[in-house]
Protein chains: 2
Amino acid sequence: MSPDAAQRSVLRAADELFYAHGISGVVMSDIRDASGVSMRRLYAMYPSKSELVAAWLTDRHDTWMAWFAASVERHVAGGADPVLATFDAIAEWVTTPGYRGCAFINSLAETSEVDDTHRTIIAAHKRDLVEHLAQLAARGHSNAPSWFPAALAVIVDGAIVQCTIFASTDPLDAARSAVHQLLETIPT
Amino acid sequence: MSPDAAQRSVLRAADELFYAHGISGVVMSDIRDASGVSMRRLYAMYPSKSELVAAWLTDRHDTWMAWFAASVERHVAGGADPVLATFDAIAEWVTTPGYRGCAFINSLAETSEVDDTHRTIIAAHKRDLVEHLAQLAARGHSNAPSWFPAALAVIVDGAIVQCTIFASTDPLDAARSAVHQLLETIPT
DNA sequence: TTGACAAGAGAATGATCGTTCTCATACTAT
DNA sequence: ATAGTATGAGAACGATCATTCTCTTGTCAA
């Protein structure tokens, strides 16, 4: 297996396993078994589990943001409002089999207070999400109040969490209704 | 130590430790050391760590809901709108030293998909919170749309999560602004 | 006082985990 | 082909954990 293929295989295994079972629910030999990469090579690539987790989070940030942006644009191309298209994208995600909430929120719950590396990646992910939502809001709702993007991010994260807890899309629908109502009151 | 005192001491230790370090970040001997209750007695009370966690979550539900209701009423008595008083209460909580987000959301991230007991307690907690918020909304905003309580719960949970991630109260302020704006559009 | 049982301290047990090591097997360069 | 190096398979190691056991120290009824 080429170094590149090994790297991809490990990150794919890490994503499936860490997302499904949580960080402490996955042991290094699970990663080896799922990726087919030997312990020796695994530790040559990532000198500790913590660094593998950091690499996974970084990779997942890129992958997820790219997926999210593409999904939103697809719905915008179909005629949706850029802000409301956010909820169409999240609805797709939430109804995916194996959905278990936001990997970053979940990982934060498992991250001890001393591990700054993981926290930093997690916060950067959410900062990027807020920024992306701000750009969506700027398209077509250019005079939304300054708190709007941050509020939108709060609502999106709340919906992601509650859809996990209730195993239902009802919270997402309520969130969409609230944002729809909010947009009505914003002069274009 | 009386059986009652031992029970209280164990639950208090469980709350401090599980909340601060997460479930898998706490080992049973930590509970023993913090509570002063011997292993033998600990396992006589709770036959496994998982059952201790369940007892902790149940206890925390009662404690937290009581605190939240009281804090909201305090702010309502000070003249706040019952719905907006929610954000005053959450603001108190978020600025408490040692704040680490919602124990139930955090625990869900650590709970494996097979452990139905914990999931059930977590979902019941959030259901009770939604119901409480619905009752607050009914006071003074009796003709809010039917999605309003669920949306309010989504916004509250999102704010709780994002204040943890960003270690800031900014998300809470944005959330409050959004709800304030929403209430403006609801005919009394 | 004594005998019988309840409870504490904390060591023992067996499983699991992160990480490293060994040995056997390839591959590379000459 | 062969010495030298890299890699894989997976056992070994040392730490940690949930849980149980042992031994000791009360405590209380008669």
Under 4.0 Å, counting only non-hydrogen atoms across every strand here, what does A:Ser48 touch: a base, just sugar-phosphate, or nothing?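 Sugar-phosphate contact only.
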
Mind checking B:Val37 for me? I need base, sugar-phosphate or nothing, with any heavy atom below 4.0 Å counting as a touch.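 It contacts nothing in the nucleic acid.
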
Closest approach to the side chain of A:Arg41, judged atom by atom: which nucleotide of D:dC17, D:dG8, C:dG18 is it?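 So the nucleotide nearest the side chain must be D:dG8.
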
Among C:dG8, D:dA18, C:dT19, which is the nearest nucleotide to the side chain of B:Met28?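 In terms of side-chain proximity for B:Met28, the closest of C:dG8, D:dA18, C:dT19 is D:dA18.
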
Euclidean distance, atom [atom1] of residue [X] to atom [atom2] of [N] [Å, nearest integer]:
| X | N | atom1 | atom2 | answer |
| --- | --- | --- | --- | --- |
| A:Glu51 | C:dG18 | CD | P | 14 Å |
| B:Ile31 | D:dC17 | CD1 | C1' | 13 Å |
| A:Tyr43 | C:dC17 | OH | P | 12 Å |
| A:Arg32 | D:dT7 | CZ | C1' | 15 Å |
| B:Leu42 | C:dG10 | CG | P | 15 Å |

Assess the side chains of B:His141 and B:Asp81: does a donor N or O sit below 3.5 Å from an acceptor N or O?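 Yes, because at least one side-chain N or O of B:His141 sits under 3.5 Å from a partner of the opposite role on B:Asp81.
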
Toward the 5' end of DNA chain D, by each residue's nearest nucleotide, A:Met39 or B:Lys49: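 Looking at DNA chain D, the more 5' nearest nucleotide goes with A:Met39.
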
Determine the interplanar angle of the A:Phe18 and A:Trp56 rings, folded into 0 to 90°, and report it as parallel if under 30°, tilted if 30 to 60°, perpendicular if over 60°.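 Rings of A:Phe18 and A:Trp56: tilted, as their planes differ by 30° to 60°.
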
Aromatic plane relationship, B:Trp64 with B:Trp67 - under 30° parallel, 30 to 60° tilted, over 60° perpendicular: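 Tilted.
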
Heavy-atom neighbours of B:Glu131 CD exceed 12 at 6.0 Å: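 No, not enclosed.
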
Phosphate oxygens OP1/OP2 of D:dC21: is one of them under 4.0 Å from a side-chain N or O of B:Arg40?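 Checking B:Arg40 against D:dC21: no side-chain N or O falls below 4.0 Å of OP1 or OP2.
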
Starting at the 5' end of DNA chain C, which residue's closest nucleotide do you reach first, A:Gly25 or A:Pro47?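 Nearest-nucleotide comparison on DNA chain C picks A:Gly25.
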
